[in-house]
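These notes are about the structure you will find just below.
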Amino acid sequence: MPSAERRPSPEHRPAVENRPVADPRVLGRTVNPATVSLWISAVVVGAIFGYGAWQRRWIADDGLIVLRTVRNLLAGNGPVFNEGERVEANTSTVWTYLIWFWSWITDAQTEYVVLWIALVLSISAVPIAMYGTGRLYRIRKGSGPINPGWTLLLPLGALVYITLPPARDFATSGLEVSLCIFWAAVLWCQLIAWSQRPTPDRGILQVRKQMVTTLLLGFNAGLAPLIRPELTVVGGLALLLVVCAPMTWRMRLAFAAAAAVVPVGYQIFRMGYYGLLVPNTAVAKDASGSKYEQGLKYLGNMFSPYALLLPLVVAVVAAGLAWYLQAHRVQVPDSGTRSGRVDLMKGSAESGWRERATGWSRRLQTPTAVVALMLVSGLLESFYWVRQGGDFMHARVLLVPLFLLMLPVMVIPIALPAGLGRDHLAGWVGTVVMAGLWITTVVWAISTSQVAGMKNGTEIGRQGIVDERRFYIQNIGVEHPVTAADYLNYPRIRAMVEEIAEHSDTGGVLLASPNYDEWYFDPLPVPPPPGVPKQLTVFYLNLGMTSMNAPLDVRVTDPMGLSYPIAAHTDRLPDGRIGHDKDLEDEWVIAESGAWSRYPVLPANLDADAVQQAKVALTCKPTQDLIASYSQPWSFARFKHNLRQAAGFTSYRIDRIPEYELQRCKLPIPPPLYPR
């Protein structure tokens, strides 16, 4: 035993004795292993995801649809798909105006603008989400590490997401998947920071700072319906969580105002301008319908190729173990920890039910409540899409729910215990198990990263699902289709451009023929009927490549109804291909456009009697009101009328069979033009 003379003085005595590993509470003043490992992981994962996304860069046909609206905005025609028709053909409002803003700022080609926006948002979303998760475990003043040894934060949920080939496919697809995961990642960070916010003890500036950050949280959560309508569930739950936590009523009102100002303002504009409660695409896809059987097939189509159940089980086990270790972390007393709130919280409750209510309210502002919220949100989003029937694009609509479910385990802690003795045995067991889970995920990621989601991705499967990127690459012979010109090799598109150049001065309707190199053309009468504009209309399924290769003065419509309200307001076909289960007959567009309705000018494959029936069906009073809501010149009177009738227009449906629509509207069936 050393003598007293050789014993070090208190000021030189080590902070921790008999420990083979330095205490991070001391070491953290110079280097924090958790923080360093988190940032290294974020950089590496972001770089891998960025490289993979760039290697698979493309713009989908559906990704080109939004660019038609952007072109009209830049041309001064307003937020419309076709000039003179107020139709909201894009599901994500924020996505539309984000692309418009950067296209206006840069004056660059819109396809490259959307490519870079999507790439930046996708790459940024994963490190931001990892940072938010890292805040759950990082060593902070007032709370020690998970155990007294070193702690590393390594990616797990982040690896699961970026490994999936569809995640890299849709990172640059021009669709709003990148915006959705970026929004979710930022909201996650805001909620975690809010849940860990200490009581301000630095004066009025600290109080105001917390008020501002809380209001920004409300503003971001309130954007949910404008990011994508179904994300309203996520944003709504986040707003409810914060509102029910302790804060003054004045702060609650300010928080509600910050959350509502943009979505409520835009909703009023949407109802008055477009005459609908939701985007026209939601009506076309009939989001109120349900196709559980198809939805389960879509879920299996995503899970089975990648053995996705394995990393999900690993993530659940890792989350449970991390929660257990976090619950047994070392606590360090500190005056800055939250014991009460003076900025947003009322005084303590007096007694009884108020005291219990206050206790429950305080539990809401905890990381545990935030984690539970994200898990519930991810499950609800998954259920929504299964109920809806999924999508026709492989794995696309389930990527955001998967991202939400992975948020609590974007990174996991692997903590090295402070010693090797029996007292540290449980800690070492936890470390070995957690390391094993992480290694299992890494092995799965390496073996899965290049797996083809669909064995024959160049064809549409029997379930109506397709590997969209591989399908178009095969059909147009371009490895990275980005611009509208890249899609000219797709069947009928180059021929369409030639037909437009030939007939744009005449006006009429272009219809796809069975021959991939030809179109049917039905001209307008000369002179056109009264009230019929001299305009060329293209009626085709592939709306993105069609509209982006057509001039803005050419009207582009589709049988699914994404840009064509008459088709959008038909009912879904019970056994139709998912995402394409509305299919308006050509006779409707001939009747509505005023083109020739008799042989021999009318294409021989169309039914002249059905055209006459459609003409009469279009005179149905509710249908005329619907058409007027988006086609009549916009005025304050029209705005007020649309505002009052938006709910009715949203739920209104017509029958796709002209004869049946006449019966529904109680209109007479016109006599046959060519009696047999």
Side-chain angles (χ1 to χ4, degrees), residues 92-95 97-98 101 121 124-125 128-129 131-133 135-136 140 179-229 231-269 336-347 357-358 360-374 377 404 407:
S92 174
T93 303
V94 173
W95 189 236
Y97 286 98
L98 186 65
F101 175 77
L121 292 180
S124 302
I128 290 173
Y131 168 75
T133 308
R135 286 187 64 116
L136 294 173
R140 304 184 61 192
L179 175 64
C180 292
I181 64 171
F182 179 83
W183 172 83
V186 173
L187 181 65
W188 169 246
C189 288
Q190 289 178 307
L191 287 170
I192 292 297
W194 167 80
S195 71
Q196 295 176 333
R197 192 166 294 152
T199 298
D201 55 0
R202 302 176 187 174
I204 190 65
L205 291 180
Q206 184 72 2
V207 174
R208 289 178 177 174
K209 178 181 178 182
Q210 291 195 4
M211 292 176 64
V212 170
T213 54
T214 303
L215 294 177
L216 288 175
L217 166 59
F219 178 82
N220 188 38
L223 290 178
L226 303 182
I227 302 294
R228 270 194 71 94
L231 290 179
T232 303
V233 174
V234 185
L237 289 176
L239 294 173
L240 184 63
L241 181 73
V242 178
V243 165
C244 292
M247 66 171 65
T248 65
W249 282 107
R250 179 179 296 179
M251 186 61 188
R252 280 193 177 92
L253 292 175
F255 181 79
V261 59
V262 173
V264 171
Y266 186 80
Q267 183 64 16
I268 295 172
F269 167 77
T337 55
R338 176 177 33 171
S339 58
R341 295 186 179 274
V342 298
D343 58 329
L344 310 178
M345 188 187 301
K346 282 187 174 182
T358 300
W360 280 104
S361 180
R362 288 177 178 174
R363 291 189 184 97
L364 295 178
Q365 194 167 351
T366 60
T368 301
V370 173
V371 169
L373 179 143
M374 282 302 171
S377 297
L404 292 171
L407 283 174

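On a predicted model such as this, the values are computed, not experimentally measured, just so you know. Values reported hereafter were calculated over all heavy atoms of this structure, with side chains retained and with hydrogens, waters and symmetry mates removed.
Using a 4.5 Å heavy-atom cutoff, the side chains of W188 and V370 are in contact. Two residues are said to be in side-chain contact when any heavy atoms from C-beta on lie closer than 4.5 Å; V186 and F182 meet this criterion. The shortest distance between side-chain heavy atoms of L241 and W194 falls below 4.5 Å. With contacts defined as side-chain heavy-atom distances shorter than 4.5 Å, the pair L215/M251 qualifies. Considering only heavy atoms from C-beta on, Q267 stays 4.5 Å or farther from V264 through its side chain.
Closest approach of A184 and L407 over heavy atoms only: O-CD1, 4.3 Å. Nearest approach of R252 to V243, heavy atoms of both residues: NE-O, 2.7 Å. The two residues L217 and F255 have their closest heavy-atom pair at C-CE1, 4.4 Å. Shortest non-hydrogen contact noted between P263 and G222 is CG-O, 3.2 Å. Pairing each heavy atom of A238 with each of A221, the nearest pair is CB-CB, 4.3 Å. The nearest pair of heavy atoms linking R363 to A369 is O-CB, 3.8 Å.
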Steps toward side chain to side chain contact (heavy atoms under 4.5 Å, CB included) verdict (V212, K209): CA-CA 5 Å; V212 170; K209 178 181 178 182; 5.8 Å; no

Full working for side chain to side chain contact (heavy atoms under 4.5 Å, CB included) between W183 and V94: CA-CA 11 Å; W183 172 83; V94 173; over 6 Å; no

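Atom CG in L223 sits 15.5 Å away from atom CZ in R228 (nearest 0.5 Å). Note that CG of L179 and OG of S92 are 5.0 Å apart. Values are rounded to the nearest 0.5 Å. How far CH2 of W95 is from CD1 of I227: 10.0 Å, rounded to the nearest 0.5 Å. Expressed to the nearest 0.5 Å, how far CG of L187 lies from CD1 of I128 amounts to 12.0 Å. We find the CG-OH distance between L226 and Y266 to be 7.5 Å, quoted to the nearest 0.5 Å.
Under a 3.5 Å cut-off, the side chain of T133 and the backbone N or O of A129 do form a donor-acceptor pair. Judged purely by atom type and a 3.5 angstrom limit, S195 uses its side chain to pair as donor or acceptor with the backbone of I192. Under the 3.5 Å distance criterion, the side-chain polar atoms of Q196 are matched with a main-chain donor or acceptor of R135.
Applying the side-chain contact (heavy atoms from CB on, under 4.5 Å) test to A372 and every residue at least two apart in sequence or in another chain returns nothing. Residues meeting the side-chain contact (heavy atoms from CB on, under 4.5 Å) test with V233, sequence neighbours left out: L237, L380, E381.
The stretch residues 232-246 participates, sequence neighbours left out, in no side-chain hydrogen bond (donor to acceptor under 3.5 Å, both in side chains) pair at all.
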